[in-house]
Every structure is written in C-alpha cells, then in structure tokens.
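All remarks here apply to the structure that follows.
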Amino acid sequence: MAQKKSQRPSSDDPEELARTPLQAVLLADSFAQKFRPITLERPKVLLPLVNSPMIEYALSWLESVGVEEAFVFCCAHSQQVKSYLNNSQWKNQPGPFSVTTIESHDAISAGDALRVIYNHGVIRGDFILISGDTVSNMSLAQALHEHKERRKKDPLAVMTMVIKHSKSSTLTHQTRLGNDEIYMAIDPETKELLYYEDKVDNSQRLISLDKMLHVDHPAFNLHNDKQDCYIDICSPEVLSLFTDNFDYQHLRRHFVKGLLVDDIMGYKIYTHEVQSSYAARVDNFRSYDTISKDILQRWTYPFVPDVQYFGNCLQIRLDRRGNYRAPEVVQSRTSLIDSLTLIGDATTIGDHTVISNSVIGQGCTIGDNVIIKGSYIWDNVTIEDGCKLSHALVCDGVHLRAGVVLEPGVILSFKVEVGQQIVVPAYSKVSLLPQPSKQDSDEELEYADASTGVVESPSGYIWSCEGGIEDEWRYSIAPIPVEKISEFFENAYADVDVLDQDLSIPASGELLHDSESTGLGEGEDYKDSADFEKEVEATFQRALAGVDQDIVILEINSLRLSYNMSHADCAGALFYSIMKAALLVPCSSKNELYTSSMKEIVKWKNLLKHYLKTVDEEIEVILKFEEICLETAREFSPLFGNILSCLYDKEVLSEDAILSWAQEKEGADESDKILLKQSEQFIKVCITKFGQLFFPINASLKTKFGQLFLFRWGFFFQMKYVRPFFYLLE
Amino acid sequence: MDFQVVVLAGGSSKKLAPLVSKEIPKPLVPVANRPVLSYVLELLEASNLKDLIVVVEGEDTALRVGGWISSAYVDRLHVEVAAVPEDSGTADALRAVVHHLTAQDILVVSGDLVSDVPPGAVAATHRRLDAAVTALLCCTPVSVPSEAGSSGGKDKARKPSRVNIVGLDHTRQYLLHVAAGGEVEKDIKVQKSILQSNGQIEIRADLMDAHMYAFKRAILQEVLDKKEIYHNIRHEIFPYLVRTQLKSEVLNNGISKGEERHSGITYLQNTLDPTCAVLDRTHACCAYIANKSKYCSRLNSIQAFFDINRDVVGEAAHLSGYSFSTQNNFVHVSAELGSKTTVGPHCVLDEGSKLGDKCSVKRSVIGRHCRIGSNVKIVNSVVMNHVTIEDGCLIQGSVICNNVQLQERVVLKDCQVGAGYVITTGSEYKNESLAKK
C-alpha cells in the first residue's frame with residue numbers, strides 16, 4: 001500500500017486518477033439457515049470444505065483476481081470470524097491484499113449488510129460482491145473490463161452478474177448444486193439481463209414476460225440452463241440503491257428484480273458468462289457435496305488440497321487413484337481407500353476398513369471393519385469398529401460407538417455421541433443444541449430412547465426437518481433416491497398429459513384459462529376490494545356455521561393485512577355480510593325483514609364493534625348500508641331509517657357518525673338524499689338528545705345554535721370533520 | 001420429391017377493396033402486370049414442385065382462376081383448382097382438400113406470397129429434421145429503427161407493434177414457441193416444460209411468418225379432423241402443434257403411451273442420473289429462416305400492394321420476369337411515348353400503352369393498352385390495363401384499376417380507384433377509395 005501511495009501523485013492522467021484499488025465485499029454470513037444445526041456453533045464460512053475453511057477459498061480467489069482491499073462483513077458469530085482472520089495468514093501479510101472486517105449485529109439480510117457497508121463509506125469504486133462460501137477459480141479480468149467499458153458508455157449499468165452454464169434437471173427442477181432452477185432472459189448482443197426469476201412456482205406452466213421487452217429487444221434468449229454464481233461486479237451506486245430502498249433485503253429477489261421491474265430509474269444489470277472456469281457457491285448440503293467432489297477432482301485448480309495455496313495447508317500428496325493423503329496418516333495394511341478420498345493429518349484407520357469418495361479430517365480415529373461411503377468427516381472424530389457411514393456429514397468431535405449405522409443424508413453436529421448399534425435414520429440432523437423452535441412442541445429426545453434400548457449417555461437433540469422430509473432430500477448430501485426420480489418421471493408425464501388437455505380446450509386459439517391463471521399469479525397484489533369483500537363474507541359464513549368469534553376476528557384481521565385494507569373496509573365488508581345473512585332468512589313482509597335483521601345485528605354486534613373503533617369506521621358502515629339499500633338489496637331501503645336508529649340504540653353507531661354522515665350528505669344530489677330524508681326524523685332526535693339542541697337539517701334553518709354545538713362536540717371531531725362544520729355554521 | 005402443394009389463394013378480400021372485384025379476384029390482382037398467384041406458381045415450379053392444388057373461395061373465382069391457370073401454365077404444372085365457400089378460414093380450406101392428398105408431406109402456401117425463397121429449401125429442411133411442421137420465417141424489414149433510438153421516453157407510451165413472436169432453440173432450427181392468435185398483443189407467455197427440456201429459447205420478434213408451411217400429411221389430417229373448431233392455420237393449428245410438441249394426445253394414438261413410458265424408465269434406471277431423463281419430443285416443429293437478402297412479402301393489404309409493386313420493379317426486380325433496361329426500367333417495344341416524355345427508373349410500361357407529350361412517369365407500373373394524354377404526371381402509382389388518362393392529370397401514390405377513365409386535370413393523391421370508375425374533369429381526391437356502386 002505504501003508503495004502505491006507514493007506512486008499515485010506522479011500521474012495526473014484522469015484514467016489513472018480514476019483508478020481506485022479493486023475492492024471486494026465478502027459477506028461472511030449467508031443470512032440463511034440451510035446449514036443448521038451446524039451453524040449454531042460455528043459460522044458457515046469457517047466450516048471446512050475439503051479440510052479448509054470455506055472463507056479461505058473465497059479470500060484466496062479474491063487475492064488471485066487482483067483485489068487489493070477486501071471487506072469481510074460478519075454478523076452471526078462475528079467474534080469467531082474475526083479471531084479466525086486475526087490468526088490467519090491474511091492479516092499482516094505482505095503484498096497489496098488487505099482484509100478488513102466490518103461487524104454488525106443487527107443485520108438480518110444481505111441488504112442490511114450492504115447498508116452498513118455504505119454507512120462505513122469505505123467503498124470508493126467498482127467492487128466485487130461475493131458471499132463467503134464462494135468457490136471459484138475464474139479470472140475476472142474480462143468481466144471487469146466489460147463492466148468498466150459499459151460503465152463508460154452507460155453509467156446506469158450498475159452491476160455485472162457472473163453466470164455459468166448449468167442445465168437443471170427437468171425432473172427435480174434443481175441443478176446439480178441443489179439450487180432451484182432459474183429463469184433468465186438475456187439479450188444475446190449486449191448481455192443485458194432482462195428477466196430474473198429464481199423462486200419458480202412449478203405449478204404454473206407458463207412464464208410470462210412483459211410484452212414491452214421485445215420493443216427494445218427484438219431478439220432475446222430465455223434461459224433456464226444458466227446458474228447464478230452469486231459473484232457480482234457492482235458499481236458504488238449499488239450500495240446507495242440499497243440505502244435508498246430500505247426494503248431491499250435479498251440481493252436477487254429484491255434488488256435484481258427491483259431494478260428489472262422498475263425501469264423508472266433505468267438501471268441495468270448485465271451478465272458475464274463463465275465458460276471454462278469454475279464458480280459456485282456452497283448454498284446447501286447438496287452443493288457442499290458437489291463442490292467437495294469438484295475440488296477433489298481438481299476442477300477448482302489451483303484451489304485444490306495438494307497445492308500450497310492456503311498458508312496452513314500441510315503437505316498433502318495425491319496418488320494415482322485420485323486419493324489425497326496427509327503425511328502422518330496411520331493406515332492399516334488391510335484397509336482400502338478407494339477413489340477420490342482425502343485423508344487428513346494424524347488420522348488412523350483400522351483393519352479391513354473401506355473408505356470411498358469421502359473426506360476425512362485431521363486427528364480422526366477410525367476403527368476396524370468400518371465402511372465409509374461418500375461422507376464428510378471433520379476433525380477429531382472417533383469412529384469405532386463396524387460402523388457404516390454413507391453420505392453423512394460428521395462434525396468435529398463426534399463419537400460413533402461400535403456398530404453405528406448412519407443412513408444417507410445424516411448430519412451429526414459437533415461432539416454428538418451415538419451409542420452402540422444405533423441406526424440413525426436417513427436425513428436426521430442431530431445436535432447438542434436444541435432446535436430453536438417457534439412451537440413449544442420441541443420434544444427433547446434422548447437418543448438412546450429413540451433406538452434399540454441400549455443404555456447410553458444422552459447425546460443430543462434430533463432436529464425435526466423444517467421443510468418436512470419432502471424437501472429434505474433435495475438439499476441433502478445423499479444422492480436423490482431412485483424412487484423419487486421415478487416418481488418425478490411419472491409426474492412429468494402426467495403433467496404433460498394434463499397440460500395437453502388444458503391447452504386443447506380453447507376454442508378461439510386463445511388460452512383464456514391460462515392467461516387467467518398466470519394473471520392471478522402476477523396480479524396478486526392488486527386484488528381489489530371486491531375480492532376482499534367476498535373473502536370476508538366467506539369468513540363470516542364460517543362464523544354462521546359456528547366458528548368461534550375470536551377466530552373470525554383473527555381471520556378477518558389477517559385478510560385485512562393481506563389485502564392491505566383499513567379497519568373501515570373491514571367494518572363495511574362485515575356489515576355487508578351481516579345484512580346479507582339477514583336477507584337469507586325468508587321473510588314475507590317489511591316487518592319480518594326488520595326483525596330478522598335486528599336479530600342478526602344484535603347477534604353480531606360484538607363482532608362488528610370490534611372494527612368500529614373510531615367515527616371513520618362507523619361512517620363507513622352507514623355508507624355501506626346506504627350502498628346496500630340503493631344497489632345490492634333494495635329490500636332494505638324502506639327500512640333504512642329504522643335500522644339506522646336501531647343500530648344507534650344498540651350502540652353500534654354513535655351520534656357523531658350519524659351526524660357527520662347526514663352532514664356529508666347535505667351537499668349531495670336530490671336523488672341521493674332519499675335515505676337521508678327517511679332518517680331525518682331520527683337524526684333530529686339524535687341531535688336533540690345529545691346536543692340538547694335543535695339542529696336543523698334543512699338548509700333553510702341553519703342556525704345560531706351551531707356555535708354552542710361546535711363548542712360541545714368540536715373536540716370529538718378530527719380536523720376533517722371540523723371543516724364541514726364551519727360550512728354548516730356560516 | 002414426394003410433396004404435394006396446396007396453395008390457399010383466397011378470393012374476395014375485404015382488405016384489398018376496391019382492388020379486388022368480381023372480375024379480378026384476389027389471386028389475379030396484378031403485381032407488375034401479372035397476377036399475384038403467378039409469383040407463387042413460378043416459385044413452386046422453380047423448385048420442381050409441380051403437383052398443386054389451388055384452393056380459392058367461391059365457384060366464380062374458381063372458374064376465373066382455373067381459366068387463367070390452364071391458359072398460362074398448360075404443360076408446365078399439374079394444377080387442380082378447388083373451390084370452398086366464401087369467408088372460409090384457412091384451416092377450413094385445407095380441410096376441404098386434405099383427404100384428396102396422398103403424398104407423405106404437404107406444402108401449404110399462401111397464394112399472396114411474393115418471394116424468392118425457394119420452397120424446396122423449406123421442404124428439404126422439413127425432411128432433414130423429420131419435422132411435423134416446418135414454417136418459413138423471414139426477417140422483417142427493420143421498420144423505422146430511428147424511432148426506437150431517438151426518443152427513449154416515447155417508447156413507453158408506444159404500444160408494441162403487432163409482431164410475430166417466435167421462440168427458437170439455440171440452433172435456430174426448432175421452433176419452440178409461437179404466440180397464438182390473440183396473444184400477440186399480450187405479455188409473452190412461454191411454456192415452462194418446453195423451456196426446461198431445451199434449456200434455452202431465443203425469443204424473436206423480428207421474424208415474419210411467411211405463411212408457407214410443410215406438414216406431415218398424417219399429422220395434418222389428424223389435427224384437422226380432431227380439432228374441428230380450428231379455422232385458421234396460422235393462429236390455431238400451427239400454434240397448437242408447437243405447444244404440444246412434447247406430448248400430444250392427438251398424435252399419440254399410434255404410439256402406445258405405456259410402452260414409451262416404460263422404455264423411458266428403464267433407460268433412467270440404467271443410468272441413474274436424473275439429468276439424463278429428458279422428455280421426448282413427440283413431434284418436431286421446425287423453422288426455416290430465410291436469408292436476410294431474400295425477398296419475402298405477402299399481399300394482404302393495400303399498403304402491401306404498393307410496397308410489393310414498388311419492390312418488384314425496384315429492389316427485387318428479378319421477381320418480375322421483365323428484363324430491365326440499363327435505366328432500370330422496362331418499356332415494352334409496342335409502347336408509344338410522345339415527345340419530351342420521360343419514364344424514370346423502376347418503372348414498367350407494358351404492351352400497347354401510349355403516352356402523350358411531356359409526360360413524366362416515376363416509380364410506377366403502367367399496364368397494357370392504356371391511353372395517357374399529355375402533361376400527365378404519374379408518381380409512385382400502379383395503373384392497370386385499359387385505363388384512359390386524359391391531359392393534365394396528376395397521379396400520386398394511387399392505384400387505378402382496369403378500364404378506369406380519368407378525365408382532364410384530375411388530381412389523385414393516395415387514392416384507390418376501382419375498376420370501370422369514371423372521374424370527371426378537374427376532380428381532386430385525396431386519401432379516398434373510389435369504386436362503382
């Protein structure tokens with residue numbers, strides 16, 4: 001750095017002045033919980049990936065692409081990350097690469113992290129944004145050059161995303177890294193990203209692209225054979241965009257989509273496709289497995305175990321069968337180490353043990369007749385005789401007693417002990433720490449109890465699978481079971497059959513139902529109030545059927561939130577449902593209708609009251625009632641006055657509301673006033689009763705008592721009601 | 001080649017009124033003084049496709065078209081003319097003749113196509129890829145590119161022009177997506193299953209469907225029979241075939257589903273790799289994309305009529321069949337020109353027409369036996385046969401049909417004059433369509 005500074009003043013060339021050291025932001029927190037329960041005890045970036053912490057791969061790569069300043073953002077377990085970095089080769093090392101940590105404890109998303117970084121004001125130019133679990137060996141020179149060139153031409157090109165070809169399976173809809181498939185539209189000429197969809201809802205069979213896309217881009221490619229490497233070259237604007245849009249949380253779901261959809265700002269995102277080099281991110285256990293294998297198969301060269309890239313790397317040798325072995329391994333003559341396996345330092349392996357496609361950490365003790373297949377065993381693990389492990393992940397300090405069987409997909413977190421002869425079922429996750437759970441039903445399971453009854457020391461909690469078993473296989477280390485595949489295969493055919501039938505219906509060649517179904521998906525946010533009313537009505541019907549009122553209130557509240565409605569809307573919709581219910585009772589005369597509606601109103605008074613907290617809502621109810629009388633159910637119109645007074649008597653409506661309504665109506669058309677006239681009598685009563693005043697409704701009698709009235713009631717009205725009162729008083 | 005050709009020539013076209021009349025049905029509308037249908041027939045003949053069925057609307061039309069074909073193409077082509085009721089859809093027209101077809105593959109061509117793309121190339125692509133349907137796609141001339149670039153703000157307000165949207169695979173041979181009829185103006189909706197099985201779809205909005213399709217006869221017959229509600233080839237049958245290309249209930253009767261599935265699964269279990277399991281295509285939909293230098297246009301509007309006439313005597317002059325002089329125009333030997341009369345480049349003056357003195361003809365086509373007086377100016381126009389134009393007329397951007405009489409000093413701008421119409425002395429018209437009641 002010192003050298004650089006001394007060089008800088010010598011050149012006044014603007015090109016050179018604009019050159020800032022290449023910076024990188026490394027998020028040492030994935031803001032996800034895919035690696036739980038392990039990540040409860042150790043941050044994800046420090047988990048060993050082929051016996052080196054993941055962050056080593058990320059930092060080594062950043063150094064190799066010429067980054068000079070890397071900012072490591074740590075949040076969860078920040079102390080561990082910091083102390084690791086302080087003790088690592090990255091601190092105080094010679095050369096231009098410096099690592100600085102930025103710490104925050106309240107960040108819960110990548111968006112928060114970038115806002116914190118923005119506030120630190122350390123980013124001065126284009127920077128590389130990666131997460132700490134990235135493994136890559138790509139050269140960024142080309143992508144950086146393209147990014148800079150674009151920026152010169154168009155300052156709105158704020159980001160370049162690195163993508164890689166990777167075809168996802170048509171059956172499971174996930175890539176070999178276990179990521180969900182992504183749909184992207186890219187302009188083949190400019191490489192501009194036009195569309196990005198990663199949370200794919202496979203129940204919808206059509207992808208809908210904006211029709212405006214082809215106005216600017218007569219030809220573009222729609223891909224689902226690309227994988228997002230989560231390596232982004234960003235301009236400083238990205239940080240300020242995150243700060244401006246404080247609701248951006250997720251880098252892709254919010255930021256990328258936000259920029260693509262909202263074209264007001266005109267920011268553009270471009271892509272850079274990696275051809276032959278490696279770039280991937282350890283996002284879940286499946287990608288952990290895949291990337292580990294890729295490292296062993298040397299796709300990530302030079303970041304492979306036998307190259308002295310990482311400072312703390314021991315001399316590991318690679319033999320002809322693709323096995324890596326640390327020097328101090330003690331191995332029995334009768335044991336067999338099959339292809340693609342790494343054995344860490346100071347590990348002993350007993351007789352007749354067979355190990356294949358696995359990574360074994362340092363200081364492990366493996367007994368006799370053990371079979372280890374496709375598993376990841378971290379440091380200081382003890383495996384006694386006769387254990388069978390297949391596709392399992394075993395963390396530091398785990399002790400497997402004799403005869404333990406780990407079925408595919410098992411995760412054993414730190415220091416778990418498993419008693420003799422126990423078979424740990426597939427996809428179990430066991431940790432010494434209890435599962436943080438929202439429900440109270442988190443049962444403590446002593447492992448011995450759950451098994452064959454061998455008395456054992458308690459060893460941990462079995463975590464229940466969050467997404468259910470259904471999703472567990474997707475992200476597990478274990479290969480996808482054959483049954484699943486054939487099930488999907490069947491489904492795929494069934495789907496297509498359904499699809500055909502659906503598609504063959506349209507008469508005009510226009511796919512009406514399809515456009516409808518996708519339209520719903522698109523326009524969910526725009527459901528109008530009519531829908532809301534219908535939903536409330538349906539909920540109310542359930543109340544009629546005997547569902548508890550509290551539950552109904554809860555449901556309506558949730559509806560209100562999901563439709564973004566006000567309390568007043570709820571009150572109106574609920575009142576509408578009540579009156580509809582009253583109408584359902586068969587009645588022959590006006591009086592019968594009146595009594596039946598009375599009954600309903602009394603019955604649901606409390607429910608309605610729940611939403612009538614202020615005058616606003618009460619007015620809304622009256623307006624709704626008016627609407628009902630005039631439009632939907634004219635049967636009520638002769639009863640308007642009566643029911644209104646009844647509502648008043650039952651203390652559903654207050655006089656304030658009725659008076660404000662009456663006065664709002666004062667200025668309306670003659671035709672609108674029918675109902676007002678009907679209730680005139682009642683309103684007068686109302687006024688006399690509460691103001692002890694005669695408050696005339698007829699315009700001719702607007703009056704002197706007003707002043708008093710205002711004095712008395714003015715307090716109760718909000719500003720918007722005061723203004724009309726002045727009108728009344730003039 | 002075992003190909004049979006169906007030419008859907010139409011008959012009365014409301015869009016082309018008043019150019020089309022009882023005497024001149026749409027197939028016989030002249031382009032550079034010969035019927036538009038002749039362009040298709042000669043194109044087919046050049047590809048050695050000589051077994052044709054021409055389907056026209058109405059018996060009258062059938063007689064006229066049949067008469068013309070037998071006189072013009074006797075000994076050259078084997079043509080049958082079939083009549084369908086007026087206002088039939090293209091699919092209905094095809095349905096009427098499809099059972100007379102015997103060849104393995106059928107080429108369906110619109111009779112109003114003016115192009116130099118060899119149908120043989122389309123047919124060859126069809127055969128090579130063993131496709132169920134192959135469509136000819138042409139690059140649309142990039143229309144007003146400056147507009148898109150100049151005003152960024154205006155783009156948003158501008159409605160996307162009505163274009164074809166097609167999706168191609170990365171080799172640009174297979175057709176994966178076609179916007180069906182009414183969907184063109186809506187958002188682009190792509191089927192996920194097709195995208196998933198191909199990985200990538202290139203969405204193109206700059207290709208025009210030229211309405212030349214090669215079908216497998218068996219598939220075409222099956223679809224026409226099963227889907228009687230479909231009336232249009234381009235908007236219904238073709239999109240239907242494209243969107244059901246992964247699996248189609250209509251086309252699967254022959255192949256037993258169970259068998260196919262069974263083989264799929266055993267294959268899968270052999271490999272145990274989920275990525276290998278790809279849904280099989282049941283039928284391939286292909287596209288032949290014509291070279292950008294090829295000319296391709298359809299006479300389906302008045303504007304297209306002007307454009308084609310202009311192009312055929314201009315940039316695509318090789319289509320017209322005239323041998324142009326060094327001045328890039330064609331004046332028939334029997335035509336007579338008065339003194340100081342000029343005929344500019346990109347003009348055709350046909351047999352027996354007479355021009356008076358001091359006339360000027362620019363970028364126009366003048367038919368046979370027209371009598372044109374002195375001081376007449378004809379620009380960017382089409383004058384058909386036996387038209388009389390008296391002295392001092394000015395004709396700009398207009399079509400004058402057969403036997404029209406323009407009396408002295410008539411001024412026409414952007415007008416269409418129907419057959420036999422008489423325009424009186426000194427009249428001026430702008431942007432009008434004139435026809436006999």
Side-chain angles (χ1 to χ4, degrees), chain A residues 165 167-174 176 181 183 185 188 200 202 204-226 263 266 479-480 482 484-486 488-490 492-493 495-497 499-501 503-504 506-511 514-515 518 522, chain B residues 142 148 152 155-156 158-161 163 165 167 170 177 180-183 185-193 195-207 227 229-232 235-237 239-240 243-244 246-250 257 260-261 264-265 268-269 272 274-275 277-279:
Chain A
H165 183 90
K167 178 93 170 65
S168 65
S169 158
T170 44
L171 292 179
T172 56
H173 302 302
Q174 64 179 143
R176 64 189 280 273
E181 58 187 345
Y183 292 114
V200 176
N202 273 305
Q204 287 192 10
R205 299 186 314 268
L206 299 172
I207 308 164
S208 184
L209 301 171
D210 190 354
K211 62 184 169 219
M212 295 309 292
L213 270 185
H214 69 74
V215 174
D216 297 331
H217 308 274
F220 60 86
N221 286 345
L222 190 59
H223 294 278
N224 93 326
D225 56 353
K226 299 284 182 254
D263 49 9
I480 300 169
V482 178
K484 277 282 170 210
I485 295 176
S486 43
F488 269 105
F489 201 79
E490 287 290 330
Y493 269 98
D495 276 0
V496 176
D497 288 346
L499 181 124
D500 271 1
Q501 280 155 20
L503 286 175
S504 58
S508 62
E510 213 175 306
L511 306 174
D514 276 328
S515 38
T518 40
E522 284 278 302
Chain B
V142 184
D155 276 1
K156 227 161 280 162
R158 203 178 77 205
K159 272 185 77 177
S161 54
V163 286
I165 291 172
H170 68 281
H177 173 76
E183 283 177 12
E185 304 221 333
K186 296 183 192 156
D187 286 358
I188 307 164
K189 294 205 168 77
V190 183
Q191 258 171 288
K192 274 182 190 165
S193 52
L195 175 56
Q196 278 157 1
S197 69
N198 286 279
Q200 170 181 340
I201 292 182
E202 187 180 354
I203 305 277
R204 298 278 292 261
D206 56 350
L207 293 175
K227 301 280 170 190
I229 44 169
Y230 288 170
H231 300 296
N232 191 303
H235 295 313
E236 289 166 331
I237 291 189
Y240 169 79
R243 71 175 178 258
T244 56
L246 287 181
K247 189 85 180 174
S248 158
E249 87 269 37
V250 168
K257 273 185 193 173
E260 193 182 324
R261 240 181 246 188
I265 287 174
L268 182 70
Q269 278 162 350
L272 277 186
T275 54
V278 175
L279 289 170

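Here is how names work: the chains are called A, B, and so on, in the same order as the sequence lines, proteins then strands, and each is numbered from 1. Side-chain atoms are counted along with the backbone in the values below, which use heavy atoms only and exclude waters and symmetry mates.
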| remark: Between the CD1 atom in B/I201 and the NE2 atom in A/H223, the distance rounded to the nearest 0.5 Å is 10.5 Å

| What closest approach, in Å, do B/L195 and A/L222 show between heavy atoms, and which atom pair accounts for it? | CD1-O, 3.5 Å

| message | If you count heavy-atom pairs within less than 4.5 Å of chain A, which of B/H170, B/E202, B/Q200 leads? | response | B/Q200

